[in-house]
Amino acid sequence: MLYQLARYSMFKLEPELSHDLALGGMNLMANLGMHRLLGARAESCPVEVMGIRFPNPVGLAAGLDKNGVAIDGLAAMGFGFIEVGTVTPRPQAGNPRPRIFRIPEHKAIINRMGFNNLGVDQLLKNIERSRFDGVLGINIGKNKDTPNERADEDYIYCLRKVYARASYITVNISSPNTPGLRSLQFGESLNSLLNRLKLEQARQARLHDRYVPIAVKIAPDMTHEEVIMVAKALKTYELDGVVATNTTLSRDGVEDSPLRREEGGLSGAPVRNSSTRTIRQLAAELGGALPIIGVGGITEGFDAAEKMEAGASLVQIYSGFIYQGPRLVSDSVEAIRALQARQR
């Protein structure tokens with residue numbers, strides 16, 4: 001009830017303002033030991049994925065805490081892992097405001113943030129200030145003004161910077177809000193990027209005497225043929241994981257909303273089916289060669305279990321967390337645990 005009251009109050013504010021206030025509020029409540037009043041519970045359901053032991057398989061997706069300012073507060077919400085970012089080499093303002101639009105009747109959000117962040121150096125400073133010692137993913141991207149033919153340089157720069165602090169690294173090539181970014185998911189652009197990432201990963205592993213897995217985040221708007229091509233490239237270059245999926249350009253499920261005309265990526269309940277379909281297709285093509293982190297449209301525990309049944313090894317939530325609060329995390333863990341019991 002307390003979270004629903006807090007959400008009601010926050011939804012009266014402009015979305016980006018309420019987002020920033022919520023991050024600060026979660027840190028404060030965690031520091032005061034009051035996070036359980038919001039329904040937060042740390043559920044144990046250990047799983048090993050990418051050589052990492054996760055206390056439970058339900059994580060926070062990138063985008064909610066781009067700059068790593070609320071890691072401790074978010075960790076107190078019961079997540080088995082936290083992913084921060086997307087972060088770019090240099091700070092950038094992102095797209096003009098307003099750039100977040102709630103569609104509560106559909107448990108959906110449209111955003112066109114545009115990788116707004118304070119840059120990789122500031123992210124690392126914020127991580128150093130946190131007390132979190134759990135599984136931390138860092139999501140990296142390219143600056144908007146970096147041409148695609150030089151995109152590899154931005155990703156390699158960020159990889160080098162975050163390697164020592166990350167439990168795993170996610171390479172975001174699927175945001176719809178940076179012009180041309182999604183073209184990096186295909187063909188020679190993808191092959192070149194994956195090859196350079198793996199070479200740099202090997203160098204960093206030798207330098208730090210520690211292997212940090214790399215996952216690639218893809219879009220839900222691919223055809224089946226495109227999913228097959230991406231899966232083949234991921235296997236060829238021996239990536240450690242794939243995050244499926246990012247937001248969608250489709251407006252299926254929000255056709256009756258006047259906000260459907262807003263540009264940007266749609267997340268929340270309407271993307272659930274396309275995300276799960278992509279996971280099923282990926283699982284069939286990958287054949288267990290690398291794990292899938294399922295994200296997109298999880299607004300209740302059943303949705304998280306559905307992603308696991310489709311072939312995911314871990315799941316992440318974002319928009320559902322905004323609408324449902326930390327109770328969604330524990331409900332998702334419980335649903336996954338029940339699925340695992342049925343499968344045994």
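All of these numbers come straight from a predicted model, not from anything done at the bench. This chain uses plain numbering: 1 for the first residue, then up along the sequence. Below, all heavy atoms of this structure are taken into account, side chains as well, without hydrogens, waters or symmetry copies.
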Pair Tyr323, Phe11 - check ring pair (Phe, Tyr, Trp, His ring centres under 6.0 Å), show working. CA-CA 10 Å; Tyr323 282 107; Phe11 273 30; 5.6 Å; yes
May I ask you to decide if the ring planes of Tyr163 and His208 are parallel, tilted or perpendicular, using 30° and 60° as cut-offs?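 Taking His208 first and then Tyr163, their aromatic rings lie parallel (interplane angle under 30°).
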Mutual orientation of the aromatic rings belonging to Phe81 and Phe54 [parallel < 30°, tilted 30-60°, perpendicular > 60°]: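 Rings of Phe81 and Phe54: perpendicular, as their planes differ by over 60°.
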Could you tell me which non-hydrogen atom of Ile140 sits nearest to which non-hydrogen atom of Leu159, and how far apart they are?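 Here Ile140 and Leu159 meet closest at CD1-N, 4.0 Å.
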Which heavy atom of Val271 sits nearest to which heavy atom of Pro220, and what is that distance?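 For Val271 and Pro220, the tightest heavy-atom pair comes out as CG2-CG, 4.2 Å.
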Sub-4.5 Å side-chain heavy-atom contact between [X] and [Y]:
{"X": "Val254", "Y": "Leu259", "answer": "no"}
{"X": "Gln201", "Y": "Asp240", "answer": "yes"}
{"X": "Met113", "Y": "Lys66", "answer": "yes"}

Side chains of Glu43 and Asn56 only: does a donor on one sit below 3.5 Å from an acceptor on the other?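 There is no such pair between these side chains.
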Qualifying residues under salt bridge (Lys or Arg N to Asp or Glu O under 4.0 Å), relative to Glu16, sequence neighbours excluded: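 For Glu16, the residues satisfying salt bridge (Lys or Arg N to Asp or Glu O under 4.0 Å) (neighbours in sequence not counted) are Arg97, Arg99.
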Does Arg203 have any salt bridge (Lys or Arg N to Asp or Glu O under 4.0 Å) partners at least two apart in sequence or in another chain, and if so, which?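 Arg203 satisfies salt bridge (Lys or Arg N to Asp or Glu O under 4.0 Å) with Glu200 only.
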Taking Lys142 first and then Glu153, would you say they form a salt bridge - that is, a charged N and a carboxylate O separated by under 4.0 Å?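 Here Lys142 does not pair with Glu153 in a salt bridge, since their nearest N and O are not under 4.0 Å apart.
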Going by the rule side chain to side chain donor-acceptor pair (under 3.5 Å), which residues pair with His224 if we only count those two or more places apart in sequence or in a different chain?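 If we apply the side chain to side chain donor-acceptor pair (under 3.5 Å) test to His224, skipping adjacent residues, there are no hits.
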